[in-house]
Amino acid sequence: MGEKLKLLNPKNLEKEVHRYGYHWSWKSHVLLTLGALIGIGAVGIIFQLRMGYMIIMMAAMILLLPVLVLDVFLKMFEQRRFSDAATYMEQVLYSFQKSGKVLIALKETLELFEEGQMHRVIQEAVWYIERGCARTEEGILREALDIIEKSYECSKIHMVHELLINAETYGGETEQSILLLLEDLELFKRRGYKLQKDKKTSHRDNIISIIVAAVLCAVALYVLDAMKGLFVTAKAPFEIFQVTVIQCSSLLFILFSLFIFAKSTKSLTRDWLKEEGAKETKYLLECYEMVEDYDEKKAKKRSFLCAALPMLAAMVFFFLQMKISSAVCLALAVFLLMQHKVGYVLAKRDVTEAFYAAFPQWLMEIALLLQSNNVQVSIGKSIERAPTVLKPELEKLVDRLRKAPDKLTSYTDFCINYDIPEASSCMKMLHAISEAGTGSAKIQIHELMKRVNEMQGMADEIKNKNSAFQMKMIFSYPVLVATAKLMTDLTIGMLYMFRMLGNMGGAL
């Protein structure tokens, strides 16, 4: 919150915008602030808000405006990062295909970019390789390319780099792997740009929804205000716009509309490259542990004990003929009796979806490692950079392979408790590669990478659909807020109309 308040200072806002590579002057800030205050003031005048409410509304706009400005530039920054990352991956693969050297590929790719984040990190990687001094056992290529990976945090960049490092270090045929990666990158770009387009469309729809909701609420108030003219013989005991409840409902509606607009704008600033956050990962690991440690008998017993008290209360209320209280307690008892099953089903669903999204990413890593390692070594090496949610299953897989490396079930038991049909067929393929040996398994590796691309496409589509659906859900918020306001205004209006009718009856 403190960081947001600092943005009220135009100098701090200018610095933050400059961090994203754009310019924002104090003159632009003053002009935008004046325009926003005039606009929000006009809305307040339409709803005929009192001065105190107008001040609150304008203060909210002043507080929100710097955040909105920063989000606009952040959206542009993230879109540019996505475009730069996609261009970098494609060009470095094409360049490496010609030269077979990472340094030459980086230098050729560097020429595509003007001054900016991507130009800077590629330049640093080139200088690091030319300096020729490794700091760790990973080697100079790995350390140099880590500079780029840390700046963009994109799993696909890491896959590209792994292919480049393995190809230069160990040699071998990489043309098919490069072609498959290029195909995957093309699909990745299309999905990314399509999602951006869908989100922009949803943002526009959200703005229209807010405007329509505001118009409906304002029209309803003016209609109610005009209805007092129907009662010619009675003096109107009120001005609908000046009723305190109406004033409060109008203020809350405007403030909620500003919040909805800010939320819709914020959804456009999503980092297109970065994977799931730490909070989500922690939640998924907790769900995984819950599913793995689930004991239905113990869970049923705990649920029964939890449901016993509300069940007893329901019986007591029933005998006392307090039927509503009895029904509420009975419903609570039924819920508590089933909550263990509901919790287990929800946790398993979330983990399954996370596995499905992470599995192709890990498989691509395996396919690239197989260019220079056998299956068991590749699986072991993949754990360090594997998606966090997959690591427990991978550790179990490594343990099974250590005990029975030739046994098929050592592979097929991977994620066996979760509904991932592709997992079993891919693990059988890895078993076949292990039996054939890396040197004679080119066809299987090629088929494995094709399967990876298909799964990755499906996983990305699911992720994008979920993201787009969340954006579209915002469209309903103005409708809900407007409905609540209209119900409030109409109720107050009807009460005052009845009061006027009462006055007319008394006068007669």
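Side chains are part of it too, since the values below use all heavy atoms of this structure and drop only hydrogens, waters and symmetry mates.
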When rounded to the nearest 0.5 angstrom, what distance separates [atom1] in [X] from [atom2] in [Y]?
X	Y	atom1	atom2	value
Ser95	Glu90	OG	CD	11.5 Å
Leu394	Lys396	CG	NZ	11.0 Å
Ser382	Glu162	OG	CD	10.5 Å
Leu93	Leu179	CG	CG	9.5 Å

Relative to the ring of [Y], is the ring of [X] parallel (under 30°), tilted (30 to 60°) or perpendicular (over 60°)?
X	Y	value
Tyr418	Tyr288	parallel
Tyr20	Phe77	tilted
Phe188	Phe82	tilted
His203	Phe261	tilted

- Item | Ser25 and Ser28: side chain donor to acceptor below 3.5 Å |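 Yes, Ser28 and Ser25 have a side-chain donor paired with an acceptor closer than 3.5 Å.
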
- Message: Could you tell me if Ser151 and Gln117 have a donor-acceptor pair between their side chains, going purely by distance under 3.5 Å?
- Response: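 No, Ser151 and Gln117 have no side-chain donor paired with an acceptor closer than 3.5 Å.
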
Which heavy atom of [X] sits nearest a heavy atom of [Y], and at what distance?
X	Y	result
Thr409	Arg400	O-NE, 4.2 Å
Leu401	Ser410	CD2-CB, 3.9 Å
Val121	Ile147	O-CG2, 4.0 Å
Leu397	Tyr411	CD1-CA, 4.1 Å
Ala144	Ala125	O-CB, 3.5 Å

- Message: Taking atom CZ as the centre, does Phe256 end up with more than 12 heavy-atom neighbours from other residues, nucleotides or ligands that are less than 6.0 angstrom away?
- Response: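 Open.
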
Can a donor-acceptor pair be found, under 3.5 Å and without considering hydrogens, that links the side chain of [X] to the backbone of [Y]?
X	Y	value
Thr201	Lys197	yes
His29	Trp24	no
Asp413	Ile416	no

Between [X] and [Y], does at least one N-O distance fall below 4.0 Å, as a salt bridge requires?
X	Y	result
Asp146	Arg142	yes
Glu78	Arg81	yes
Glu111	Lys107	no
Arg120	Glu115	no

- Check the pair Lys391, Glu395 against salt bridge (Lys or Arg N to Asp or Glu O under 4.0 Å), reporting the backbone distance first and the verdict last. CA-CA 6 Å; Lys391 287 185 178 180; Glu395 289 168 356; over 6 Å; no

Is there side-chain contact between [X] and [Y], with heavy atoms separated by less than 4.5 Å?
X	Y	value
Tyr94	Thr109	no
Leu141	Leu103	no
Cys415	Leu390	yes
His161	Ile148	yes
Leu74	Leu70	no
Val72	Met76	yes
Met118	Arg80	no
Thr87	Phe113	yes

- Task: Starting from the C-alpha separation in whole Å, work towards a yes-or-no answer on salt bridge (Lys or Arg N to Asp or Glu O under 4.0 Å) for Lys75 and Asp71.
- Result: CA-CA 6 Å; Lys75 177 194 72 172; Asp71 283 345; over 6 Å; no

- Task: Would you please indicate if the ring centroids of Phe414 and Trp362 are separated by under 6.0 Å?
- Result: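 Close enough - the centres of the two rings lie under 6.0 Å apart.
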
